[in-house]
Peer 1: 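Below is a structure I'd like to ask you about.
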Amino acid sequence: MKVFNCILGVFSIFASIYCMIAPGIYFLTIAGFMVGFLLGVLGFCSIFEYARNKNDKSAIINGPALLIFGIAATVLSTLTLFSTRIQAFFDLILVLLLAAAIVITGVTSIADSIKLKKTHTTKAWWLGLVWGIILIICGCYAGTHIAFTTIMFGYILAAVFMVYGIRLICSVFEKSPTSEN
């Protein structure tokens, strides 16, 4: 699982860099496939992680939501190949789906940081809290200001993928609860 997390983390970081290089309209034309694939994989990994480690309660919310958003983005992006009208509608729906995914990720980040504070495993629990609040604000703003979000879409998505990729790579170096000392 650690190798898979590392590979997915590196892939998420590359996707983040791509989103920073190609934000805006150009990104929206191919975003559906990329976003759909990544959200689907991230959702599947969260569900798999919950099945492996029942202690991660945020994965039970995050996993199915990301998987559903990924499937929806992939289906909508396939439909855009056939009609330019559907492309405009897809751009709107894609922004709203990503806004919802960003808000859900923010809520689960806050829940994880509160869990870290209660267990006293690290003093950096507040980083997850701050990041979760920022994600919720960005997700709400993205859902209400569609024109601005279309321009900034790549940067918002880049931030989410970058943090998730770094978190996945960092998880490779954590001790698993079943390992012996």
Peer 1: I need the Ile136 CD1 to Ile102 CD1 distance, nearest 0.5 Å.
Peer 2: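 That separation rounds to 11.5 Å.
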
Peer 1: Looking at Ser109 and Gly132, what are the two nearest heavy atoms and their distance?
Peer 2: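 Scanning both residues completely, I find the closest heavy atoms to be OG-N, 3.8 Å.
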
Peer 1: Considering residues at least two apart in sequence or located in another chain, which fulfil the side-chain contact (heavy atoms from CB on, under 4.5 Å) criterion with Ile133?
Peer 2: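 Once residues adjacent in sequence are excluded, the partners of Ile133 under the side-chain contact (heavy atoms from CB on, under 4.5 Å) criterion are Ile110, Leu129, Ile137.
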
Peer 1: For Ala99 versus Gly143, what's the shortest heavy-atom pair and its separation?
Peer 2: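 Where Ala99 meets Gly143 most closely, the heavy atoms are CB-N, 3.7 Å.
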
Peer 1: How about Ser113 and Leu127: do any of their side-chain heavy atoms sit closer than 4.5 Å?
Peer 2: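 Counting from C-beta outward, Ser113 and Leu127 never come under 4.5 Å.
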
Peer 1: Which residue, Leu116, Thr119, Ile114, forms the side-chain contact (heavy atoms from CB on, under 4.5 Å) with Trp125?
Peer 2: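 Only one of Leu116, Thr119, Ile114 forms a side-chain contact (heavy atoms from CB on, under 4.5 Å) with Trp125, namely Leu116.
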
Peer 1: Answer whether the closest heavy-atom distance between the side chains of Thr105 and Val163 falls below 4.5 Å.
Peer 2: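 With C-beta onward as the side chain, the pair stays apart.
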
